[in-house]
2 protein chains.
Amino acid sequence: MEVKAADVGLLQSRYRLTKQRAAVLRALSGGGHLSAEGILHRVREEIPAVSLGTIYRTLEILRAIGLVQAFTHGGDAARYEAALDKHHHLLCSQCRHVLNVHAPELARIVYEVASAENFDQVDYSLTIVGRCARCATAARTVSNN
Amino acid sequence: MEVKAADVGLLQSRYRLTKQRAAVLRALSGGGHLSAEGILHRVREEIPAVSLGTIYRTLEILRAIGLVQAFTHGGDAARYEAALDKHHHLLCSQCRHVLNVHAPELARIVYEVASAENFDQVDYSLTIVGRCARCATAARTVSNN
DNA sequence: CTCTCTGCAAAGCATTTGCACATTG
DNA sequence: CAATGTGCAAATGCTTTGCAGAGAG
């Protein structure tokens, strides 16, 4: 199989590089915040017979290696994206669109709080939920709030 | 039925005050971060025949009124607690114990980020995951890390 | 007395898993 | 070729829901 730059992480790991795994990486390389189902659809354009089970197994591996990060909110299905930089999510409560945002000051606050309680191996996630400008405008067009 | 201070929120709402709802409030009044299943066990001490369905329906109502807040992490079952103040969660990745922590500086950061993207009706949640001191000690006793 | 609530059991949905065959290195 | 990965379908775990009888106001 032809090996691309994005696949290097897999080759360096103890996992094999299969066409399904490469396709999942490719599906995520375009950016965005896809559900497992969404990734399935994209991957099926290349490999019509992939199963959702394989998508989940692959995502778990890619997450373990650190190539992919997952994000959940409430009871929603998990959303996945390529792991590039540390960032946070701004989720629209209506259309469920997700924006990445940065908050460099946050890390300091988090580590202060965590070490005050003697936690180690610390990670954190901030999710901001609100109504995006587009949905706010749409709401104004229909009724008058 | 005898009405306690904690029940006032329900009476003021359009919902009825039933013994099941009062019992759920009481189960949460002791503090802690309980799953629906955990709340079921506590409520069953008073009302042996309550069903899990009722627990979920009640929690949803209490959350809508603002008496209870829910919190989820990854694929874990949701955990519920009495809604007192705005705070955040420090979750132990091993024993799943949750500590409440405060980060007063956070609100400013969040509103700056959200309004930069033109979001309104903003809410947010920060979850910090790490290993608590107790689990770190336990790990050291077994192996030698 | 009416409307809401509850228990029960079944359904729903995202995710995980056992197994026999296919593929990778 | 030995180990790992995959498709399929069934199983799982949390949560939601339809319905007929019970309880609140």
Side-chain angles (χ1 to χ4, degrees), chain A residues 1-4 7-25 27 33-41 43-44 46-65 67-80 96, chain B residues 1-4 7-25 27 33-41 43-44 46-65 67-80 96:
Chain A
M1 181 186 302
E2 188 201 353
V3 175
K4 304 247 177 92
D7 303 331
V8 171
L10 260 177
L11 288 172
Q12 291 173 337
S13 74
R14 63 173 199 80
Y15 300 102
R16 291 180 179 173
L17 176 58
T18 63
K19 62 183 194 299
Q20 289 85 345
R21 293 177 184 169
V24 169
L25 280 173
H33 299 85
L34 296 157
S35 64
E37 196 80 41
I39 294 168
L40 178 70
H41 289 317
V43 171
R44 282 213 164 139
E46 299 178 46
I47 312 172
V50 235
S51 68
L52 195 48
T54 293
I55 301 295
Y56 277 111
R57 278 184 286 225
T58 299
L59 288 168
E60 173 51 27
I61 286 170
L62 297 177
R63 205 192 51 70
I65 301 177
L67 294 179
V68 161
Q69 62 195 105
F71 138 82
T72 53
H73 179 260
D76 292 8
R79 314 267 290 262
Y80 303 85
R96 303 271 121 182
Chain B
M1 183 188 300
E2 187 202 354
V3 176
K4 304 248 175 91
D7 304 330
V8 170
L10 260 176
L11 288 171
Q12 291 173 337
S13 74
R14 63 174 199 79
Y15 300 103
R16 291 184 176 168
L17 176 57
T18 63
K19 61 180 194 300
Q20 290 84 345
R21 292 176 183 171
V24 169
L25 281 172
H33 300 83
L34 295 158
S35 63
E37 195 80 40
I39 294 168
L40 178 70
H41 289 315
V43 172
R44 283 210 165 143
E46 299 178 46
I47 313 169
V50 233
S51 69
L52 195 48
T54 294
I55 302 294
Y56 278 111
R57 278 184 286 226
T58 299
L59 288 168
E60 173 51 27
I61 287 170
L62 298 177
R63 205 193 51 71
I65 300 175
L67 294 179
V68 161
Q69 62 196 106
F71 139 82
T72 51
H73 179 260
D76 292 8
R79 314 267 291 259
Y80 303 85
R96 304 271 120 182

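Values in this document were obtained by computation on a predicted structure and should not be read as measured data.
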For the residue pair [X] and [Y], establish whether any side-chain heavy-atom pair is separated by less than 4.5 Å.
| X | Y | result |
| --- | --- | --- |
| Thr58(B) | Ile61(B) | no |
| Tyr80(A) | Val68(A) | yes |
| Glu46(A) | Lys19(A) | no |
| Arg21(B) | Val24(B) | no |
| Gln20(A) | Val43(A) | no |
| Thr72(B) | Thr72(A) | no |
| Arg79(A) | His73(A) | no |

Within less than 4.0 Å of OP1 or OP2 of dC3(C), is there a side-chain N or O belonging to Arg14(B)?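 Answer no for this pair, as no side-chain N or O of Arg14(B) is under 4.0 Å from OP1 or OP2.
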
Between Gln20(B) and dG23(D), is there a contact of a side-chain N or O with OP1 or OP2 at under 4.0 Å? no

Answer yes or no: is there an ion pair linking Glu60(B) with Arg63(B), defined by an N-O contact shorter than 4.0 Å?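 So Glu60(B) pairs with Arg63(B) through a salt bridge.
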
Roughly, in whole Å, what's the span from [atom1] in [X] to [atom2] in [N]?
| X | N | atom1 | atom2 | answer |
| --- | --- | --- | --- | --- |
| Arg21(B) | dG7(C) | CZ | P | 11 Å |
| Ile47(B) | dC8(C) | CD1 | P | 13 Å |
| Glu37(A) | dA14(C) | CD | P | 7 Å |
| Glu46(B) | dT6(C) | CD | P | 14 Å |
| Arg44(A) | dT6(D) | CZ | P | 14 Å |
| Leu62(B) | dC5(C) | CG | C1' | 14 Å |
| Leu40(B) | dT16(D) | CG | C1' | 16 Å |

On DNA chain D, nearest-nucleotide positions of Thr58(A) versus Ala78(B): which is more 5'?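 Its nearest nucleotide being more 5', the pick is Thr58(A).
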
By the 4.0 Å heavy-atom rule, please label Glu60(B) as base, sugar-phosphate, or nothing.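 Nothing, no nucleic acid heavy atom in range.
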
Identify whether any heavy atom of Arg57(B) sits under 4.0 Å from a base atom; if not, whether one sits that close to sugar-phosphate; answer base, sugar-phosphate or nothing.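 Since a base atom lies under 4.0 Å of Arg57(B), the category is base.
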
Atom of Ile39(A), atom of Ala27(A) and distance for their closest heavy-atom approach: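 Looking at all heavy atoms of both residues, the shortest contact is CG2-CB, 4.3 Å.
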
What residues in residues 68-76 of chain B put a non-hydrogen atom under 4.0 Å from any atom of DNA chain D?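 Contacting residues: none.
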
Within the sub-3.5 Å range, which N or O atoms of nucleotides 21-25 of chain C have a protein N or O partner, and how far apart are they?
residue, atom, partner, partner atom, Å
dT24(C), O2, Arg16(A), NH1, 2.6
dT24(C), O2, Arg16(A), NH2, 3.3
dG25(C), OP1, Leu17(A), N, 3.2

Here the residues of residues 48-56 of chain B within 4.0 Å heavy-atom distance, strictly under, of DNA chain C are Ala49(B), Val50(B), Ser51(B), Thr54(B)

